[in-house]
Every structure is written in structure tokens, then in C-alpha cells.
Undergrad: 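Here it is: the structure, laid out below.
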Amino acid sequence: MVLLPCPHCGPRDAAEFGYVGERAARPDPGAATPQQWRGYLYLRRNPAGWADELWLHRAGCGRYLAMSRHTVTGDIRAVRDAATGGAD
Amino acid sequence: MAEVSVEVSATDCTDLAKVLVRADPGGALAAALDVPFGRAVRDGNDALVVRTAPDAWLLLAAADLATPLVRRVEALGAGEFASVVDVTHGHALARLTGTTAAVVLAKLCAIDLADPATPDGNTFRSLVAGVAVTVVRDDARPGRLTAGSAGATPAGGRDARPGRLTVSPTASLASLDRSDALGSAGATPAGGRDAERERSYLLLCDRSYRQYLRDVLTDAGEEFGLAWT
Amino acid sequence: MKLRRSLPRPARYSGFGLLRHALGGAPWPPVWRRHDLRDRYDVVVIGGGVHGLATAYYLAANHGVNNVAVLERGYLGGGASGRNTAIIRSNYLTPEGVAFYHRSVRLYESLAADLNFNVMFSQRGHLTLAHTDSALRTMRWRAEVNKLQGVDSSLVGRSEIGSLVPHLDVSDRPRFPILGGLWHPPGGIVRHDAVVWGYARGADAAGVHLHQDTEVVGIDVTGGRVQGVRTNRGRIAAPAVVACTAGWASTVCDLAGVALPITTFPLQAAVTEPVRPFLDTVVVSGTRHVYVSQTDRGELVFGAAVDPFPSYSSRGSLEFTEGVAAHVLELMPALAPVRILRQWAGLCDMTPDFSPVMGPTPVEGFYVDVGWGTYGFKAGPVAGETMASLVATGKTPDLIAPFDLARFTDGRLVGERGAAAVGH
Amino acid sequence: MRLDGQPGEVIHRGTPLTFTWNGRPYPAFAGDTIGSALAAAGERVFSRSLKYHRPRGLLTADGNDPGCLVQVDGEPNVRGAHRRVSAGMAVTAQGVWPSLRFDLKALNRLAGPALSTGFYYKTFIRPRRLWPYYERVLRRFSPGGRVPSPSSPAGRYEHRYAHPDVLVAGGGPAGMAAALAAAEAGARVMLVDDQPALGGHLRWGGPDGLAALAQLRAAVAAAGGIEVLTDSVVTGQYEGGLVAVVQHGLPGLTERLVKARPRQLVAAAGLIERPYVIAGNDLPGVMLSTAVRRLINLYAVRPGARAVVFTANDDGTAAAADLARAGVDVRRVVDARDGGDIVRVRGRGGVRAVECGDGSVVRCDLLVTAVGWTAPTGLLTMTGGRAAYRAGAARFVPTELPDGVLATGGLVGDGTLAELIGHGRAVGQAAARRAGRTAPASPVPDLVPAPHPELFAGRTNGFVDFTEDVSTKDLAAAVAEGYDSIELVKRYTTATMGPTQGKLEAVNTIAVVAAATGRGIPETGTTTARPPYAPVSLGALAGRNYQPVRRSPMHDWHVAHGATPLVAGAWIRPDHYGDPAGEVRAVRQGVGIIDVTPLGKFELRGPHIPDLLELLYVNRWRKLAVGAVRYGVMCTEDGVVFDDGVTGRLGEHRYLLTATSSGAEAVGEWLERWLQTERAHWRVHVVPMTDAYASINVAGPRSRELVRRLTTGIDLSPEAFPYMRVRLGEVAGVPDCVVWRIGFTGELSYELHVPAGNGLRVWEALLATGVDLGVRPFGVEAQRILRLEKGHLVVGQDTDGLTQAYSAGLDWAIKMDKDDFVGKPELAWQRVRDGQVVLVGLQPADPELVPPESSQLVEGDRRIVGRITSSRFSPTLDRSIALGFVAPDLAEPGTVVTMLLPDGRRLPARVMPQLAHVDPEGKRLHG
């Protein structure tokens with residue numbers, strides 16, 4: 001079981017978390033072209049490397065977490081509560 | 001290995017009052033409650049204040065205290081954005097007590113239950129038999145919350161700060177300990193160093209899992225003769 | 001494109017040949033050869049799995065295009081082709097999906113003869129179990145669409161299920177009792193490595209160059225047109241490049257500047273020690289996220305849903321085997337003492353509508369055959385056939401028209417997502 | 001033959017017992033393995049091989065013995081050389097027909113050459129139609145035991161989590177020393193060994209080590225903080241440092257899976273002895289030196305009468321001494337270090353003679369080989385460690401350990417007992433330090449593999465993989481055919497893929513392939529080690545298989561009153577109480593009550609609630625007054641309908657939001673997601689209340705009367721409490737109830753949300769109070785009928801994962817003039833697109849006919865133009881009714897469409913003017 005470091009609860013089994021998706025800025029719904037909007041909806045960076053992701057600590061503190069995770073090694077280099085600011 | 005012959009018992013404490021507090025961790029209410037995340041603190045004789053999330057607290061108290069407790073806490077948070085909600089009916093609550101309580105729980109829960117990781121007064125929310133459960137280690141015998149709202153044994157636990165949340169001079173908590181003797185030697189996961197004491201855990205989950213929680217505790221405790229009281 | 005004369009076929013495989021070789025002691029000729037890298041091919045196929053090899057094979061066999069290179073980073077069939085659970089079926093939900101996979105099953109049926117390589121396609125039947133009303137409803141939907149497309153598929157009840165698979169617990173005891181199932185007789189399993197090797201042998205015989213240990217590190221694009229690829233062994237010029245990778249589609253297409261609607265998830269599988277034959281069909285439970293079949297060698301092969309979060313790691317996890325075991329035992333409680341011997345993971349490129357991405361891209365001459373999720377192996381032959389046709393003729397075959405990349409920007413997703421709850 | 005008492009024997013001669021082997025009774029002592037008991041009784045053949053059905057006997061006499069897989073009662077593939085016998089145990093040989101001694105499948109041997117590796121790929125190709133028959137024959141030859149019958153009783157399997165500071169895998173001298181040193185430093189230690197007792201090779205290594213063994217064991221027993229798990233196997237290390245251990249032999253338990261997360265893992269797995277690959281090396285009577293020493297020293301079994309020993313190391317010499325001591329006539333010791341060699345084993349059904357390199361032939365019934373060791377590095381390499389080939393020692397050794405892992409003992413190198421213990425101690429201290437304890441920082445001494453000749457294959461063709469029947473010739477043929485990388489060879493020949501998992505044969509395989517390709521062993525490389533490290537049963541993996549169940553406070557009442565259960569996600573709900581049509585009529589004519597507790601409920605607090613609702617629902621919320629309730633539809637960003645429900649405003653900054661039962665969890669997370677990520681500055685608290693309220697819907701023309709009788713403090717008159725309003729009050733004496741007037745069933749109805757602890761009380765009060773009103777409980781099935789009569793869609797049934805809001809006929813709810821809401825851009829574009837299917841009401845021409853849900857609507861032979869999403873027989877209209885999707889050109893009311901039923905019939909149905917079949921004007925609702 002992979003351990004994920006919750007900034008609140010400490011390292012916990014991945015089974016407690018929900019993966020939400022890559023973090024991506026929501027385009028301005030009033031101005032976005034279909035192309036831009038659907039890029040936001042469907043296209044993914046999907047890197048084999050560091051990915052900026054949104055997770056939910058579902059069975060723990062219930063907080064959404066912004067995580068920088070390496071998709072090959074599983075390492076996590078940064079994690080913070082999604083509600084608290086931070087460079088996106 | 002694990003030569004254990006010990007008692008472990010469980011009690012359904014669902015009837016206890018439960019009040020959820022949501023507030024800014026930097027606000028006045030948070031300061032008044034003054035319980036760090038991951039800790040549960042006995043406040044006077046009236047409530048066990050459990051910090052369940054960075055911006056959430058759960059207050060457990062005798063069954064008839066929900067309404068006064070809500071009022072009291074609301075008063076503490078007046079002027080800031082805070083929510084105090086009576087969630088007494090939303091959760092099932094069980095207490096697992098005994099020298100093998102940790103061994104039973106270790107069959108269901110992945111968190112390290114040894115003292116260095118989860119000492120008395122610690123709380124965490126994690127999966128127990130696949131269900132999200134708030135676990136509070138609450139060994140302190142005096143002032144222990146159990147089912148019902150019977151007579152009082154006023155005595156502060158080690159974290160007790162009398163008076164802060166006192167609701168009324170007459171209502172206070174039950175401390176319905178059945179046994180006076182500490183349990184005999186028991187086993188703990190890997191080692192047995194910090195085991196031979198009686199431990200007590202409060203387990204809180206969504207109310208609809210009440211029977212399920214009871215069933216899995218019974219099953220896991222079978223080898224130690226777990227009994228419900 | 002230049003047409004090259006195909007080379008003589010290798011020694012034919014047959015029972016007689018086997019005997020002759022056994023008695024004569026003569027060694028069999030190699031299944032494929034090694035070549036130096038040419039500096040130019042008419043078509044470069046990236047990925048030496050079943051999709052890439054089938055594309056190359058059909059380019060040569062159906063279209064006479066054999067100045068083709070298949071570039072494989074590791075060994076042939078070492079990716080998803082060698083890691084899947086080799087289930088073949090065509091009982092999809094949408095008419096597009098059914099037509100496409102129906103063609104694939106047909107190709108699989110004749111593949112051993114076509115390739116002169118026994119791929120051991122065992123049409124033992126494919127049974128999907130329903131544990132909820134909604135699963136049952138979706139199965140009926142599938143069965144009805146299937147029947148309209150001429151695919152043998154029907155809803156069956158508990159008693160039929162009990163006689164198809166006596167070890168299944170069809171009582172009310174389980175937490176999620178079996179309510180019914182979708183029975184698909186032409187479905188079954190195939191020997192996945194044999195499919196890879198058969199296509200490789202056929203492609204090699206037709207003149208295609210198979211380059212193992214050859215990794216694409218760059219794709220050259222000028223003026224919106226693909227010029228060729230750069231590899232760890234050198235540069236190759238090519239007017240047509242086809243990406244047939246599973247698990248690394250985003251990475252490879254990124255080299256050409258093509259963004260994809262893909263997220264890569266590991267899909268784990270496990271195999272038990274062999275036991276005597278007792279399970280004659282493929283059993284799938286979408287609700288319980290597990291599928292199981294028994295190989296001709298007696299091993300039980302298990303698979304489940306993709307992992308709950310994306311990763312390019314193909315390590316197996318304990319939770320996976322725990323989950324599979326729990327679900328298998330719920331279906332077949334008697335299997336408790338059977339031991340898991342090995343587990344592994346492959347990478348699945350999931351798309352938002354659970355359908356592949358096939359066809360041209362905004363880069364002229366650069367084609368994709370990617371996004372195969374958990375159903376790529378089933379489609380290997382038909383994907384190869386249609387991609388070969390597209391590359392050779394420049395025309396998109398009707399069968400794959402619904403799966404184009406542009407559907408995402410145009411907002412016309414394929415409806416397989418509607419049945420996602422039932423699982424593949 | 002059983003020897004006299006041996007100093008280290010583990011059999012209990014005072015406890016004789018009897019078991020059966022292929023139906024015949026055999027004697028044994030407690031402590032015997034199946035293999036040792038049979039060997040003591042003179043048996044030599046324990047199984048037949050996979051392809052050629054050659055007789056096989058004991059080779060390693062330990063858990064990896066490939067020739068000793070047997071069936072024990074219902075359990076297949078039991079390691080007979082590891083499993084201890086018990087009284088009455090029924091042991092049989094696997095996969096033989098008709099018997100182990102006379103196995104007709106051995107006729108395969110005649111076809112031997114043609115059954116060369118991969119033969120099935122080359123034959124059975126034509127004619128196609130015969131393949132299924134060939135396949136049936138092939139399957140008959142599959143190896144392995146039988147799975148238990150479906151009716152056989154299941155064992156009890158359990159899980160347990162553990163968090164030791166240090167987990168030592170392997171209880172030999174180095175492992176014990178490591179455990180002791182770590183425990184002395186205060187670490188919590190878990191010490192795991194697969195044998196029934198600690199000791200490793202000291203157990204069977206002869207009398208010299210027994211005193212040291214006793215000392216070590218006593219020290220471990222005396223040390224505090226060491227939990228010893230014997231008869232337990234480490235089955236893998238996984239990401240996150242998770243170590244899986246399967247414990248056997250616990251009272252009342254078949255197996256227990258321990259999921260340990262040690263801070264440090266110490267691998268001390270010792271060494272595995274390698275077989276020698278020459279012709280005849282699989283004959284019963286060919287054994288490894290460790291096998292004969294186990295048989296003699298642990299079980300007091302004489303492994304043969306006349307032996308030849310072929311050795312390349314001191315262990316072979318020691319084995320020769322043990323044999324001599326046991327009374328075996330050691331005819332010759334051939335020492336490879338002196339240039340000696342053996343080239344062939346002769347015999348049929350057992351060893352008869354050994355042909356030596358010098359041309360001499362020695363008659364014997366036992367060949368003992370000691371040709372080298374394999375370090376089981378799999379546990380290390382599977383988690384990121386590396387191993388490299390050390391030619392001088394003829395074995396792979398770990399070169400790079402993964403984080404959190406240390407290694408000691410034979411796995412690392414060779415040494416005297418004192419050196420092994422010294423290394424183990426130092427490693428144990430290091431592990432304790434790494435786990436945060438204070439331990440002396442003594443340097444870890446060198447432990448290097450002893451020099452050893454490379455003896456991977458002799459001059460003749462022998463078996464490399466015993467369980468898969470793969471020989472040197474097969475491997476060479478595979479390479480010659482072009483399957484020339486180790487992975488391809490493995491896949492083509494199946495070498496290393498059998499039950500021994502390559503532990504015994506992987507290195508020999510690599511060496512033979514290296515020789516065949518002309519590449520060296522390091523270039524050839526290893527195949528990927530994959531978990532599990534040891535085979536693990538499905539039972540152990542599944543454990544107790546707890547599966548959460550949610551129940552409403554009225555659950556027991558439903559059960560007691562004959563409700564048919566409906567599995568609805570985690571919930572168990574009453575589907576009906578025996579008569580769904582009657583339940584429907586009760587609602588339409590009188591009053592019914594249904595338990596809708598699973599309905600998702602969230603209490604919202606805060607000033608920004610209207611902003612949140614405006615953003616997440618397609619419709620408008622700003623003007624919702626206190627006391628009012630509104631229906632809302634949520635879409636995802638791609639415009640697909642995600643959930644629906646009603647939300648009521650209970651106070652200035654207090655709302656109660658409901659979601660569908662199946663969508664409750666996702667909706668709760670959706671609300672939090674927007675509040676925590678995109679709109680963190682909004683002041684809204686979401687409190688999940690699904691379980692806090694028992695929810696009861698009271699529906700029917702007499703519902704007002706029934707509710708009136710029980711409520712206090714609420715004016716129920718239509719003027720004071722109209723449709724789509726909410727009130728707070730007391731019901732049946734229970735305070736703090738939320739009552740709202742809504743109408744999913746299309747009837748006048750009130751939904752009561754009662755503090756859950758009082759749910760049953762209110763439920764029973766409603767039934768008791770409404771007897772004269774004809775009150776009845778109704779279940780989910782009646783509710784489905786009622787809502788279908790009313791034309792209310794069910795998200796997830798009448799919509800699917802791609803249904804966008806306009807398709808679902810929700811145009812009226814979508815407010816495109818809002819600045820923003822989730823899904824708005826897609827819905828804007830979708831609105832102008834043609835060709836979208838439309839949800840319509842349908843009525844079959846034949847009123848008796850209920851088209852099964854998912855029946856397709858067709859045009860001509862094959863063209864699909866829609867489908868039935870919901871259908872029921874309506875007791876109210878006395879006819880069948882349906883909802884379905886149709887192509888837009890067929891959506892015009894009155895259009896007749898063709899339904900294709902699953903039975904093949906094509907029947908007409910009419911498109912209705914609206915979704916509602918009953919009371920489309922909503923008179924009943926507003927009554």
C-alpha cells in the first residue's frame with residue numbers, strides 16, 4: 001500500500017484517499033472557446049514524471065490536497081491543503 | 001506467541017450527545033476550544049473535545065447535553081463565522097476496552113496503535129474494516145464517557161481543564177466502569193512492550209454502520225471473548 | 001509507397017512439420033530476424049505490441065507496403081500485449097463499439113490459420129455477472145444492441161449461470177447476490193504471446209523490419225508534417241509514423257506536439273498455481289471488479305479494474321490481490337486454498353469515453369492508435385487492419401471513424417462511457 | 001527407512017499417527033512432513049511431471065520441492081515436503097491417471113521429441129473446427145490438484161496490521177542475531193521464519209551447531225520485544241514499505257495475513273541450493289545435499305542405501321559425512337573442485353547408477369549433489385533493489401538495497417557461524433538505529449560470498465525447470481528460434497513460471513540461456529521478480545472479507561415485516577412488502593409511507609450558500625425564501641446530468657440540501673471540492689446529515705390528515721403549508737424534525753426528516769395512527785412505479801454517463817442567463833446542436849405488455865432510434881407505461897415507434913405528450 005503524506009494526518013495508506021485529477025485552471029466560462037473549454041475538460045498532460053494533482057483525503061481529514069507526485073517513482077515532493085494558497 | 005487470556009469488552013455509546021463545530025482554525029472559537037488537531041481533550045466534566053479536522057471539532061457529552069452544549073459553544077464563537085450543529089443522531093459510537101483492545105483493533109485498522117504513535121488522548125480518522133471511523137484513544141478511567149447519562153464522577157483526566165465548557169452544575173458525565181482491576185498481561189502487536197495495560201477506544205462512524213461496526217468488532221474480538229455490555 | 005517483393009515464408013508450422021523436425025533433429029528457423037536500421041522507411045510504427053505488429057503485418061499483407069519498421073523499446077510484446085488477461089469479446093454497448101469488436105473477433109477466429117501460428121483462441125464463452133438491477137438493465141441494453149448487430153449475446157438467469165459455472169455461488173448468501181448475467185458464447189481467451197509472435201513472424205516474413213531495444217526519443221515535425229523519428233540507434237526518415245503504444249501514448253505523442261485526452265493507470269493481474277480444469281468460461285463481475293478465467297495449463301488468471309490513481313509504475317500491489325481474492329471468494333468460496341503465484345501490472349491509457357483514439361492527428365503523416373484503456377488486446381487485429389488501411393490509402397475506414405481524435409474538441413464522445421458502470 | 005534417534009530430530013516418537021497416501025494408510029510421527037513420512041516408509045515417487053509425466057521424488061525436501069506437490073483433503077498443490085502430517089490426513093498424488101505408479105499419461109514420453117518447447121504453437125492449426133477438441137485434450141494434461149467442491153466448508157482466514165520497528169525475514173543464526181541486537185536497542189521486532197522453529201540451517205546442519213542453536217533460541221525467548229512468527233512466510237514487500245506475512249498453524253485459524261509496516265526490513269532469507277543440470281537429474285533418488293541432511297537430521301530418515309555424492313563445496317562433504325553416519329553406503333564422492341564430474345544419471349523410475357566424467361559408472365540408488373547456491377534476492381529486487389552476478393562465487397548477490405531494507409546472512413555472503421552472528425548483530429543494530437532507537441554504531445563486518453565453481457549445467461541435456469519440464473535443449477531451441485532475450489525465453493518455454501516461482505531454477509535458466517546466446521550471465525540478466533515472493537492463498541488475501549452494510553434505523557422493522565431486501569449500493573432497503581401494486585394503490589387512494597433514509601442530506605450553513613447553489617445547479621436559487629423548497633439539477637462541467645434533488649431554506653443562513661441515495665457521497669465531495677479549491681473564500685459549511693435523519697415520505701391523498709395527527713407546531717393547511725415548502729416542528733413528540741412538502745410520487749406528500757434515533761418511533765406512530773386512513777408501508781419498487789407514473793426521471797437510469805441536461809428534458813430548469821454555473825458552456829453549445837436524443841413518455845399499444853427496460857426502439861432491420869429506460873405496469877392506469885429516449889424526429893407526441901423486445905417481437909408504442917402518465921397537470925400534488 002502506497003503511503004501518501006497528508007499535511008494534516010501524516011502518512012496514510014493510499015486507500016484512504018481519492019484521486020480527483022490533474023490540477024488545471026478553469027477557463028473563464030464566459031470567454032472560453034469550445035476548443036479551450038474542451039481542452040480543459042478532456043486533454044491531460046499525463047506526464048511520466050512530476051504531476052500536479054488534486055486528491056481528497058476521504059477517510060481521513062476530508063480535505064482536498066494539492067500534491068506534486070512523480071507518476072513513475074511514486075515520490076511526492078510537495079503537498080498542501082488545496083484551500084491554502086500556494087503557487088499553482 | 002501471543003498467549004493471551006484476557007478480557008475485552010465493547011459498549012454501544014451511540015446515545016451520547018455529539019456536537020460538531022466548524023470554525024476558522026485561527027479564530028476565537030478555535031482558541032477557546034484549544035485542542036490541537038489529532039488530540040482529544042476532556043474539558044471539565046462535561047465533554048470530550050475531539051479535534052477531527054483542521055477546522056472541525058466534535059464534542060461528546062452525556063446524552064441530554066446536546067442542546068446546552070450547542071448554545072454554550074455558539075456563544076464562544078459569537079461574532080465569527082462558525083457552525084455548531086447537533087449531530088447526535090448522525091453517528092454511531094462504540095467503546096472498546098480491555099487489555100487486548102489494541103490487538104482487536106489491529107485486525108481492522110492500519111494505524112499504529114502503539115504508544116509512541118497513538119498515545120492516550122490521541123485521535124485519528126481512518127478506515128476501520130473499510131468504513132471511515134474516528135478513533136479516540138481514551139484510556140483515562142475517571143470521567144470516561146459511556147452510554148447513558150447516569151450519575152457523575154467528577155474527576156479531571158490528565159488533560160482536564162475544569163470549567164471551560166461547563167454547561168450546568170448538575171449535569172455531568174457518567175463514568176460507568178465495571179471493573180476496578182486492571183487487566184492481566186496481554187499482547188500487543190509486535191513486541192508486547194507497551195501492552196499490559198487496559199486501553200480504551202471510542203469508535204465513531206456514520207450511524208448507518210452501527211450494526212456493521214458491532215458485527216466486525218464482535219468478529220475480530222471473538223478469539224479474546226469480546227463481550228458487549 | 002514502394003512495393004517490395006515479399007520474402008519466402010519460413011518453414012510452415014504443422015503437426016507433420018513438428019514430427020519431421022523432431023525426428024530429423026533439424027532446428028526450426030528463427031521466427032524473426034534482426035536487421036540494421038535503415039535510414040528511411042515508408043512507414044515507422046512505434047510500439048512492438050500486438051497493435052504495432054498487426055499494423056505492420058496488414059500494411060504488408062493487405063496493401064503491399066513492406067518498407068516498414070516496427071520500433072520497440074524493449075522486447076516484442078513486453079508491454080501491455082504481454083500483460084493483459086487475454087480476454088476476447090465483442091459484446092459492447094454502442095453500435096460503433098460492437099461493429100468494431102465483432103470484426104476483431106472474426107479476425108481472431110481465423111488468425112491461427114492466417115498466420116500459421118496457433119494463437120490458441122479458445123471460444124469458451126464469456127459470462128458477465130450482474131449483482132444490481134442497474135447492471136442487469138445495462139446488460140439487457142448490451143444484449144439487445146449486440147443481437148441487432150448479429151453478435152451472439154443474451155441475458156441469462158441464475159440457474160443457467162449455475163450450470164455454466166457450478167462453482168459460482170448463485171444463492172442469496174453473498175453480500176451482493178448474483179441476479180443474472182450476460183452470456184456471450186463467442187467470447188473467450190487467447191494466448192496473448194502467441195498473437196504477438198504470430199504477427200511478428202508474419203510481418204518479418206513479409207519484409208517488415210522488427211527492431212527491438214530501439215527507443216524513439218524524438219519525432220521530427222516540420223511545417224505541420226512528420227519527417228521521421230529519432231531513436232537511440234539513430235535517425236529514421238519516414239513520411240508516415242504511427243504511434244501504437246499503450247501506457248506511453250502521452251509521452252510519445254508529446255514528442256510530436258500532439259496533446260491527448262489520456263490518463264495512464266496501471267491495470268493489475270494475477271495468476272494462481274495450476275489446478276485441474278473446473279472453470280470452462282470467462283467469468284466477469286463488473287460490480288465486484290473482478291474477472292477470472294482458467295488457462296489451458298490450469299492456472300486461474302485474475303484481473304480487476306484499473307488502479308485508483310494514475311501511475312507509470314507497473315509494480316503489483318497487495319491491495320490488488322486482497323481485493324481480487326475477496327471478490328473471487330465471494331463469487332466462488334471454494335477457491336480459498338488456491339494460491340496466487342504471480343502478479344503484475346500493465347499500463348492502460350484511459351480516455352474520457354472509454355473508447356480508443358484512432359486516426360490522423362493535427363500533424364500530417366502522424367497517426368495514432370492509442371487510448372486503448374483496458375480493451376486494447378481485444379482489438380489488436382482489427383486495429384491493425386484498419387490502421388494499415390488508413391495509412392496505406394489515406395482514407396479513414398468507417399469502422400474507426402467514430403474514434404477520431406477530433407471528437408473531443410467537437411464534443412461528440414462515444415457512448416461506451418454510458419455502460420462504464422458495468423466495466424470491461 | 002527410519003533411523004535411530006538423531007540429536008536434532010524434530011519428530012516426536014512418542015506421538016505416532018496414521019495418515020493415508022493415495023488411499024492407503026501410512027505411519028508417521030508428529031513433526032514429520034508428508035514428504036519425510038513417506039520417505040521413511042520407503043516411498044520414492046511423489047508426483048508425475050507436467051509434460052512427460054515422469055516420476056518425481058524428493059529433490060530439496062523443503063518448501064520449494066518441485067516433486068512433492070500433493071493434494072491434501074480438499075487443498076490442492078500442498079508443499080508436501082513442508083506441510084506437517086496430521087492424524088487422518090488424506091494425501092493423494094495430483095494429476096495422475098489412473099494411478100501414480102501406473103500413469104497412462106506417461107505415454108507422452110513416446111512423443112517426447114515432438115512435444116518440444118512451444119509445440120502447441122506449431123500444430124493444431126488446421127482444420128480450425130478441430131481446435132476445440134485438441135484443446136480439451138490439452139487441458140486434460142494440465143497439472144495441479146483439484147479445487148474443493150463448492151459445498152466444502154471454508155477455513156477461517158484473518159488479517160492483522162502490525163507496525164514493528166524492525167521486521168526480520170528469516171530466523172537463521174544471522175536473522176536471530178539481528179533480531180536480538182535490534183531488540184536490545186529497544187526496537188519492537190517481528191522475527192519471521194517459514195519453518196516450525198527458528199534456527200535456519202543450524203536445525204539440520206548436524207550436531208555441531210545444536211548447542212549454538214539452543215543458546216540463540218533461548219536468548220530470543222528471553223528478550224523482550226521480539227514477536228516470533230514461525231511457520232510464517234514473508235510473501236512480499238510492496239510500495240510504502242508494506243511487508244506481507246502469512247502465518248500458518250494458529251489455533252482455530254487456517255491462515256492469517258499480517259500486514260506489517262516495519263520501519264526497517266532485515267532480509268535474512270539464507271540460501272537456496274541449486275540442482276545440477278544433467279541427463280536424468282529428475283529421477284527419484286537425485287537429491288540436493290541440503291535435502292539429505294534435512295531428512296537425516298530433522299526426520300531421522302535414511303534417504304537411500306547406496307549413494308554417490310557430487311560436490312563442489314564443503315556442504316557436499318558434510319552431507320557425505322551425514323550419509324555415512326546414517327548408515328548409507330557412500331560409494332563415491334566426486335569433487336568438482338578436484339576436476340571431478342558426473343555426466344548422466346541412469347535409471348527408470350529411480351536412480352540406478354551414475355555415469356562419471358571419467359567414464360566410470362557407479363551403481364547406487366541415491367545421487368546427492370552440492371553444486372552451488374542461489375541467494376533469494378527476489379524480495380529485494382521486487383522493491384527496487386539490485387542484484388549482480390558474482391562469477392567467482394557463482395551466484396547473484398544483492399548490490400543495492402532499497403530504502404528501509406538491510407540484508408544479512410547467506411543472502412549477503414558466507415562465513416563461519418560466528419561471522420554470521422556477528423554480521424547479523426551489526427545489521428540488527430543498524431536497523432534499530434534507522435528505526436530511531438539508540439544502538440551501538442558498530443561497523444557491519446564484511447560478509448562475502450565464498451569462492452565457488454560455476455556449475456550450471458553438465459555436458460548432457462537435463463531438466464532446468466522441474467515443474468515445467470523444461471530442459472537445456474528446450475532453452476537452446478527457443479534461443480535458436482529467435483526468442484533470445486531472457487523474458488522471451490521465459491514466456492516461450494514457461495521456464496521459471498511454475499509453482500517454485502523460479503527460486504530453484506531461475507539462475508540455471510539464465511546460465512543456460514547465456515551459454516546458448518553466447519552472452520554472459522550479467523548481460524543476459526534476470527527476469528523481473530514479481531510479488532508474491534511466496535505463493536499466497538486467496539483465503540489469506542481475502543481475510544474476513546468484511547463488507548460494509550448501511551442500515552436505516554427502521555431496518556429491523558422492515559425485516560420483521562417481511563420486506564424483500566434490495567441491495568442498493570452499501571444500503572439494504574425494502575424493495576417491497578409482498579405486494580408492490582397494492583402498495584401503489586394505497587398511495588394513490590389513501591396514504592403510504594416509505595423509508596427514504598438513504599437519501600443524501602447535507603445541512604449548509606453560511607452566508608454564501610446562494611452563491612454555491614447558483615454555481616453548482618443549473619437553475620436559480622437566489623430568490624429562494626426561508627421556508628421554501630426547490631428542485632435542482634446538477635451537471636458536471638461537460639453538461640452531463642450528475643445528480644438531482646430538492647433543497648430547502650430552513651433559515652437565513654441555513655439550508656438542507658438533498659441528493660439521490662446513490663449520488664449522496666459524490667455530491668458531498670463535489671460541494672466540498674468547490675468550497676475547498678475553487679471558492680475557498682466563500683463562507684459555507686457543509687455538514688453531512690444523511691445518517692442524522694431517518695427520512696420518511698408520507699404520500700397519498702390522506703397524507704395531510706395522517707401527518708396532521710402527529711405534528712405539533714406546524715399548520716398543515718394548504719394555504720399555510722403549500723407545495724414546495726418546508727417547516728420545522730415536532731412529529732410524534734419528536735422535536736427538531738424537518739418536514740417538507742414535495743411530491744416525487746405525484747401525490748400530496750410530506751417528507752419527514754426525523755432525528756435518526758427517533759426514526760423507528762415516528763415510523764411506528766405513523767402506522768399506528770393511520771390505520772383508519774389505510775396507511776401502508778411501501779417499498780422502492782412501488783416508489784419506482786409511482787414516480788414513473790408521474791414521469792419523474794431517475795438519474796443513472798433514465799440518464800446515463802453521457803446524458804446532457806437538454807437530452808433529459810430538463811430545459812425548463814436550465815437558466816442560461818446566469819453568469820456562470822458548472823456545465824454552462826457545454827450546455828450552451830449543446831442546445832444548438834441537432835440530433836440529440838430526447839427523453840419522452842411512451843405507452844405500448846398493447847396495455848398488457850410491459851417492454852423490458854433497455855428494449856431498443858428500432859427502424860427497419862437494424863437501425864436503433866431509441867430505447868426504453870424505464871417501464872412498469874401502472875396499477876393506477878391499469879396499463880403499461882414507459883420512459884425512453886427517442887431520436888428527435890420521433891419525439892413529436894402521437895408518433896408511433898417500434899419496440900424490439902428481447903424475445904424478438906416488434907411491437908408499437910406511442911409517444912406521449914409529456915413525461916407524466918398520471919396527473920400531468922399536477923392536481924394531486926397541489927391538493
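So that the names make sense, note that chain A is the first sequence line, chain B the second, and so on, each numbered from 1.
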Undergrad: Output yes when a side-chain donor or acceptor of A:Asn46 lies under 3.5 Å from a complementary backbone atom of C:Thr264, and no otherwise.
TA: yes
Undergrad: Using every non-hydrogen atom in the two residues, find where A:Arg45 and C:Ser250 come nearest and quote the distance to one decimal.
TA: O-CB, 4.2 Å
Undergrad: Under 6.0 Å between ring centres, would you say that holds for A:Tyr19 and C:Phe309?
TA: no
Undergrad: I need the minimum non-hydrogen distance between C:Tyr312 and A:Pro47, along with the two atoms involved.
TA: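 Nearest heavy atoms, C:Tyr312 then A:Pro47: CE1-O, 3.1 Å.
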Undergrad: Let me know if C:Thr409 has heavy atoms under 4.5 Å from chain A in its side chain, its backbone, both or neither.
TA: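 Both the backbone and the side chain of C:Thr409 come within 4.5 Å of chain A.
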Undergrad: Taking atom CD as the centre, does A:Gln35 end up with more than 12 heavy-atom neighbours from other residues, nucleotides or ligands that are less than 6.0 angstrom away?
TA: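 Not more than 12 within 6.0 Å, no.
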Undergrad: Answer with side chain, backbone, both or neither: which region of A:Trp55 has an atom nearer than 4.5 Å to a non-hydrogen atom of chain C?
TA: side chain
Undergrad: What residues of residues 68-78 of chain A sit under 4.5 Å from chain C when only non-hydrogen atoms are counted?
TA: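 At a heavy-atom separation under 4.5 Å, chain C is reached by A:Arg69, A:Thr71, A:Val72.
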Undergrad: Under 4.5 Å heavy-atom distance to chain A, tell me which part of C:Pro310 shows up: side chain, backbone, both or neither.
TA: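 Contact with chain A is through both the backbone and side chain of C:Pro310.
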Undergrad: Given heavy-atom pairs under 4.5 angstrom as the criterion, report whether the side chain, backbone, both or neither of A:Glu53 touches chain C.
TA: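 Contact with chain C is through the side chain of A:Glu53 alone.
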Undergrad: Applying side-chain contact (heavy atoms from CB on, under 4.5 Å) to A:Tyr42 and C:Leu413, what does each step give before you reach the verdict?
TA: CA-CA 10 Å; A:Tyr42 303 124; C:Leu413 274 53; 3.7 Å; yes
Undergrad: Which heavy-atom pair separates A:Arg44 from C:Ile262 by the least distance, and what is that distance?
TA: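 So the minimum-distance heavy-atom pair works out to CB-O, 3.3 Å.
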